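All remarks here apply to the structure that follows.
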Amino acid sequence: MKVLAAGILSLLLVLHWKHGAGSPLPITPDNATCTTRHPCPSNLMTQIRNQLLQLNSSASALFIAYTAQGEPFPSNVDKLCGPNVTDFPTFHADGTEKDKLVDLYRIIAYLGASLGNITRDQKALNPKDQNLHSKLSSTADTMRGLLSNVLCRLCNKYHVSHVDVSYGPDTSGKDVFQKKKLGCQLLGKYKQVIAELVQAF
Amino acid sequence: RCFPVLVHSPSLNLCLLFRVRRLLFLSEPRPLTPESLEVSINSTCQCLHLQWSIHSLPHHQELQMIFQIQISRITTSSVVWVGNYSTTVKENQILQWSWESELPLECATHFVRIRSVMDDARFPKPRSWSKWSSWEEVDAQDSLGHNALFVFPKDKLVEEGSSVTFCYVSRSNLNNVSCYLDGEQIHGEQLTPNVSTFHLSHVRYKRTTGTNIYCEMKQGRKLAGTVLYVSRTEVLEEPKNFSCETQDLKTLKCTWDPGSDTALTIQPSSNYTLFESFSQKKKVCEDRNWCSWQVTQDSQEMYNFTLMTENYLRKRSVNLVFKLTHRAVRPMTPLNFILENINSRNATVTWKVRPIGNSTFQCQVELHHDGQVIQTKQQNNVFIKVNGKYLLSEMEPDTHYLARVRCAYGNHFWKWSEWIDQKFTTLEADAGDLFSIWSKVCFEMIIGIFDIFFQPLSKSHANGEILFYNIAVESLDKSSKFNLSIPAPHNDTKLTLNKYSYQIHVTANNSMGTSPASVIVIPGEPGHKEIEEERVKGTENRFSLSWEPQSRDAIGYVVEWCDHPQDPLCGLQWQKLGPNTTSTVISSDAFEQGVRYNFRIYEISPGWIASLLEKKTGYSQELPPSDNPQVTTSSLTSHSFTLNWKDYSTESQPGFIRGYNVYLKSKMEQCTSGFERITPSDDSAGCRHKIDNPEQKTFHVENLEPASSYEFFVTAYTSAGDGPNGTFTKVTTPDEYTRMLTHIVVPVILCILLITVLFYFQIQWMKEKCYPDIPDPYKSSVLSLIKSKENTHLTIMNLKDCIPDAIEVVNKPEGSRTQPLGTGKPLTETELTKPATYLYLLPTQENPSGSGPCICFENFTYNQAASDLGSSGHVPVPPSTPPSQLGLLYSPENLLKALEKYYTNSLGEIPAGETHLNYVSQLASPMPGDKDSLPTDPPVQAQCSEYKMQMAVPLGPASSPPSEDTSLSS
C-alpha cells in the first residue's frame, strides 16, 4: 500500500509538475489543442455533481475516523483541526462555469496530493486502522475520478488542457504529532470546502 | 639518576649534554589545553556531540590523556554533569564524545567546557590539569521557528517502566499553558521563565500508535504536542532454532525463528547480523529469518556464528558452533527418480544425488501401499556416490504402490534430505502365476438342488481382476456332463441335480488365463452321522480349533462357518487346510462378541468327498444373558413355593448359559437354607441360590415362614455374568392356621349344612317327636259356641269342653310375699265376662334384670283383652280399673306402684276363692334356678313356667280402685 500511495503521489506530481509549481499559472489558451487520455462521458457535469455529493456525504465520516486516534484530537478539533490552511486554493463561487471548474480542479488537485500524504503517514503511524485507511482510499479514488471529469469538461467544452496547481506542505520530515495535526487540519478544510463546492455546482 | 653538575673535559661535556637532554624529556610537559571545541545537538537521541583536538603534542607521539568535561545548563554556573573521558591522542586528531541528556536539549541552553591531563606512564606524577577551555554555549531554541508553543522531545521512544522528561517552550506568558498526557492534565516545574519540565516515571504501554502529550495555551488557541512511544520489553525476542546447513559445501544457509514482530509503528524494524568469529566476517541479513553465508574455500571446518539483532532499545544474540562436514551437510533432494522394469512383482527404482566433493551418500528407499510402509524389509539403506538403484520385489500383481527415496551425507550422517516419491502400479500376473482356487460346495440336498459357493480369490492370489468362473459338473458314472460360466462378481450358483454323485470342477479366469481347477464331489446320499457339538472359546476375533483325524488317507480338511449366523444369507465362509493339519485358527473381522458361531470341520477323502468330522460352537466373547427367564410360581404353601421357567431359551443368548441365580429377599435376617447372602452390606440384595445346571428350569424354595412376604428374582448367567437387572416378584406364604381351618372348618360346615338339610326334610318328624304343636284354643271347637254371644272378645274357657292335661293351682307356700292361693274354685260366668287381668311378668326393657330363661306362651283363649293389652304395652291393668286409672298405669311410675302393691300386698292377701289358675302343660317343668334369676320378684319368678302364666282374675275385690292399703289382687 505504501508503494501504491507513493505511486499515486508521484503520478499526481508528474501530471501537474511544471516549472514554478506552487504558484498559479495562466490556464491554457482557448485555441490550444486539447486531448484527454480517456474518452470523456457525455454527462460530465452530472457526474461531477454526483462525485461532489459523494465526497461531501463521506467527508464528515472521514474526519471523525481521522480524529479517533487519541486525545487531544477528538476533543480539540477546533484548535488542532481548524480549517486554517494557509495556501489552500481559492474558490470563486460567483464566477463562470469555466472559472469554477478551474478552481475546482486546483482544489481537488491540492486535496488529492494532501490526501496522498495523509494516507502515507497514517499507514505508517496507524497501520491497523483499516476503517480510516479504507475511507482515505475511497476518498482519494473519488477525487481522482472527479479530477479526470473536471479536466474532461475543461478540455471538451472550454478547451483547457492544462491548469497550474499548487500543493500543500510535505509532511514527510515532520514529527508524528505535526503529521497528525496537519492531516487533521487538511481534512477539516476538506470537509468545509467540499460543502461549498456542492453548493456551487 | 642524573643530576646537573659542572664538568670540564670533552667526555664530561658529552655526558652532561646527554643528561640535560634526558632531563628535558622526562620532565613534566606543559599541560595541553583542548582546542577547537565544537558542540552540536542531535535531537533524535537528545545528545550533545562534542569534538575537539589537541595541538602541539610533544614529539609527535601518541599520548594517553584524560579529558574532563563539564556541562552546565541555563547558566555556566549550573553544572549538571562532570565526567572524564580517557583516550589515546595523536597530534591533530579530532576527538569526539557524546553526552545524552535526560532533559530535552531544546528545553534549555547548555554550556560545555573541557580540560585535559596527561595519563601516560612515561611522564612522572603528579600531573596537572590543563586550563579549561572556554564555555561553549548550545541553544537549540534559536532554531525552533516562530511558533508560539513547542513540546519536546519529539517522537520519544522509551521502554515500558522507564522515566522520561518533557518540556514545553513558550514564547509568551507561562501561566496560560496547560499540558496533558493522553487527555489528563500533568503538572511540571518551571525551569526558566518560558520553559517548564514534566518528569514522567514508570511510563506504561498504551497503544502501538503512541501516546499524545500536548500543551495548550489558553490565549490564542495555540496547541502543540508530541508523541511518546512506550515499547514493551518483549518487543525484541531472542532468535530461536538458529541452525546452519549446506547442501553443497559452498553455501551455508542459516535459519532462525525471529518470533513475533510487535514493534511499534515508530520503531524501525530490527535487523539481523551474522558474525563468524574464526574468520571475523560479518554479514547484515536482508531477511528476518534466514541468511546465506559463503563457505570459504580455505577448508575452514569449524564455524562459530553469532546471530545478532537489535532495535532502538535492545540487542539480542545467539551463538552456534559446528563443524561443517559433521553437523551441517544436508544433501539436496534426490533427482531423476525413475521406476523401471515394472512387472507383476518387481520394479527397479533409480535416482541421482548431486555430488558433494568425493563423498558418498546414504539413501533410504521406502515402498508404500495404502498409505503405509509395507514390509520393513523394503526400507533399505543404500550407499551410493551419485547414481542410486534398487530393486523393489515381492510386490503383488495389479497393485498400486508408492516408492520414495531420500539421502543423507554418507561420511557423517546429520540430516536426511527431503523425500522424492513416485506412484506406480504393478502389472497383472500371467496365467501360470495363478494360485490354486478352492471352491466350496454346500450340499443341502432338497430335491436335488445344490448351492455352490465360490470363495473369491484374494487380491494377492487373483493376480488381476477375476472375470468369471467356469463350473464343470460331471456325474461320477460319466453318464452326464455339462459346463456353465458365472460372472465374477457372483460367488454362488444353484444347480439342480439328480440324486447321484457328481464331481464339480471350478476354475477362475482373469484376462491373462485360467487358474487350476478346484474339485469337489457331491455324494448322492449325504451322511447323517450324529456328531456331538463341542464348545470352543474364542478370543476377540479368532477361534482356535483342533480336531481328531478320522482316516489316514484324508487329502485335506475344510472348516466351515458363517460370519453372520443370524442373517439368512449367513455369509458362508470356509478354510481349506492340508492333510496333515489338525488345528487352525479362524479369524475374521466379522466376528462379534455375543454371537454364537458354529464351525463344521469336514474331512476331504481321496475321492474329493467331504464328510462331516466335528462340530464346534462358541463365542468370540461371551456376554451376559440378554434377557431373564419368565418365572411362574406354583405349589405355594406356608413353607414353600416352586419357581418355573420352562420356556426360557438358552440357545439364543449371547453366551453359554451356565446356570441360574435365584435371588430371594425377605424380612428375615438369615437366608433360607440353600441360599447365601451375597452382599452383607446391602440388605436389599437379599439371598442367592446358584443353580449350576442350565437345564434345570425349576426350583423349589423351601423352609419359608408362614404368612411371610418374599420377593424372588431369577436370572440366568454366563461366564460374563448375570442377565439384566429385573424386578422382584412378590410372594406371600399363607397362614398355617388358616390352612388348618380351611381343612377342618369347611368340612364341619358342610356336615352341619348336610345335617340341617336332613333335619329340614325331617322337621315334621322332629316336630312331632320333640315338640308337638300346642293346641290353639282359638281354634278350639268351643269357640264356635261362644261366637254367638254378644261380646266377641270375650273368651271363655269352658272346662267342660276342654280336657286339660292337668290343672295345677299354684300356691307358693314359702316367703311372706307368697301366700297360698287356697283351693281352686271354678270361675263363674260373670266373673269370666269381666275382662281378665294378668300380670305380665316377663322382663321388659324397664326391667332387664328380670330376664330369665322363662318361655311364656300366652293363651288368649282365656282373655283376649289381656292379650291385647299385653301386646300394646304389656302393662297389666287391674280388672276393675276404670279407663282413667288404666291410663295412669301406662306410665312406668304407676306401673311400679301398682306392682309393689300387687306383689307386696295382694298376692299374699288374695281372698279366698280368688285363686290363680295356671295352665301347665304336661311337658312343662320348672327351670332350676329361676328363683335366683329374678331376685327382685322371686314370687313371680317362682310362678314362671314354660307357659306364660294364664290367669283368670276374679272381678270382685280386685276390681276396686287401688288404694294405699289395697293392691291388685288376682
Side-chain angles (χ1 to χ4, degrees), chain A residues 1-3 5 64-87 117-136 169-189 192, chain B residues 43-44 46 104 106 140 143-157 166 168 176-186 204-230 261-269:
Chain A
M1 296 306 285
K2 288 181 179 178
V3 175
I64 292 170
Y66 186 89
T67 55
Q69 48 185 313
E71 289 296 336
F73 293 96
S75 57
N76 292 278
V77 169
D78 52 341
K79 296 175 187 173
L80 281 169
C81 312
N84 49 353
V85 183
T86 54
D87 54 351
N117 288 338
I118 293 170
T119 305
R120 178 199 60 199
D121 292 341
Q122 285 299 315
K123 285 184 176 176
L125 301 174
N126 202 6
K128 295 181 179 176
D129 193 347
Q130 297 300 324
N131 177 44
L132 175 61
H133 296 167
S134 65
K135 283 183 166 56
L136 287 170
D170 183 15
T171 58
S172 59
K174 298 186 181 302
D175 64 82
V176 174
F177 193 84
Q178 199 66 11
K179 286 176 182 175
K180 292 180 180 179
K181 183 180 176 184
L182 287 175
C184 196
Q185 284 178 337
L186 190 279
L187 292 179
K189 182 66 177 179
Q192 179 200 49
Chain B
S43 295
T44 305
Q46 292 296 329
E106 295 89 348
S143 58
L144 292 182
H146 302 291
N147 287 351
L149 191 63
F150 302 91
V151 178
F152 295 104
K154 297 294 184 186
D155 308 336
K156 184 70 175 177
L157 175 61
F166 281 83
Y168 70 80
N176 291 331
V177 178
S178 300
C179 293
Y180 301 87
L181 170 66
D182 210 25
E184 292 186 7
Q185 187 171 3
I186 51 177
R204 295 294 165 202
Y205 169 86
K206 288 200 172 181
R207 59 184 78 90
T208 57
T209 54
T211 306
N212 295 324
I213 297 174
Y214 59 97
C215 300
E216 63 175 338
M217 196 177 288
K218 300 293 183 186
Q219 296 173 346
R221 298 162 60 87
K222 300 295 181 183
L223 192 149
T226 184
V227 180
L228 171 67
Y229 290 92
V230 180
D261 184 10
T262 56
L264 299 173
T265 56
I266 194 66
Q267 208 169 1
S269 296

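All values below come from the heavy atoms of this structure, side chains included, with hydrogens, waters and symmetry mates left out. Keep in mind it's a predicted model, so treat the numbers as computed, not measured. In what follows, chains carry the letters A, B, and so on, assigned in the order in which the sequence lines appear, proteins first and then strands, with residues in each chain numbered from 1.
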Open item on the list: Atom CD of residue position B:Glu184 - does it have more than 12 heavy atoms of other residues, nucleotides or ligands inside 6.0 Å?
Closed with: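 Check fails, neighbour count at 12 or below.
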- [ ] Using a cut-off of 6.0 Å, state whether more than 12 heavy atoms not belonging to B:Lys206 lie near its atom NZ.
- [x]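 More than 12 heavy atoms, drawn from other residues, nucleotides or ligands, come within 6.0 Å of this atom.
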Task: Listed partners of B:Glu216 passing side chain to side chain donor-acceptor pair (under 3.5 Å), at least two apart - done: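 For B:Glu216, the residues satisfying side chain to side chain donor-acceptor pair (under 3.5 Å) (neighbours in sequence not counted) are A:Lys79, B:Tyr180.
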Task: Interatomic distance, B:Asp155 atom CG to A:Gln178 atom CD [nearest 0.5 angstrom] - done: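 Rounded to the nearest 0.5 Å, the CG-CD separation comes out at 10.5 Å.
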Open item on the list: Counting heavy-atom pairs closer than 4.5 Å to chain A, which one of B:Ile213, B:Thr226, B:Leu181 comes out on top?
Closed with: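 The answer is B:Thr226.
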Open item on the list: I'd like to know if the side chain of A:Lys181 reaches the main chain of B:Leu223, judged simply by a donor and an acceptor atom lying under 3.5 Å from each other, with no hydrogens or angles considered.
Closed with: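 Side chain of A:Lys181 to backbone of B:Leu223: a pair is present.
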Task: Side-chain heavy atoms of B:Val151 within contact of A:Phe177, under 4.5 Å - done: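 Side chain of B:Val151 against side chain of A:Phe177, heavy atoms only: no contact under 4.5 Å found.
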